[in-house]
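A short write-up of the structure that comes next.
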Amino acid sequence: MKCVLLIALLSISMCLAAPADEVQIVKQESQVLADGYNFSYETSDGSKQEQQATLKKLGPEEDALQVSGSYTYVGDDGQTYTVTYTANENGFQPQGAHIPHV
Ligand SMILES: *[C@@H]1O[C@H](CO)[C@@H](O)[C@H](O)[C@H]1NC(C)=O
């Protein structure tokens, strides 16, 4: 479960970082901690992403990664969109002004 979640989030990162013309990473930071990690980066096309995660003990045999973060991108319409999200044992929960609430 943990791995699946991580892979899902990494794929999102890779999509956002996918090569448009000459998009370059202009800033990047990351840190791996004993019980989690965090990273952030910005690209020259105005996209940004940051994410942090810590491991939470749910029980003696069960841990869940508590992930939160946000990403910002400039859409084809020229508008800047930001999505913040959390992902944990309850699933992936994005929030953004342009995302309809359910
Ligand atoms: C990652 O966490 C460390 C320790 O809490 C903090 O100093 C650093 O600024 C964080 N980096 C990012 C990219 O969030």
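Order of listing sets the numbers, starting from 1, for every ligand and every atom in it.
The 4.0 Å heavy-atom shell around ligand 1 contains residues Glu29, Gln31, Asn38, Phe39, Ser40, ordered by chain and number.
Lys27 NZ: 12 or fewer foreign heavy atoms inside a 6.0 Å radius.
Between Tyr73 and His98, the ring planes are perpendicular. Angles over 60° get that label, and only those under 30° would be called parallel.
How far CG of Asp45 is from CD of Glu22: 12.0 Å, rounded to the nearest 0.5 Å. A distance of 10.5 Å separates CD of Gln28 from OG1 of Thr43, quoted to the nearest 0.5 Å. Distance check, rounded to the nearest 0.5 Å: NZ of Lys48 to CD of Glu42 gives 5.0 Å. Atom OH of residue Tyr37 and atom CG of residue Leu65 lie 5.5 Å apart, to the nearest 0.5 angstrom.
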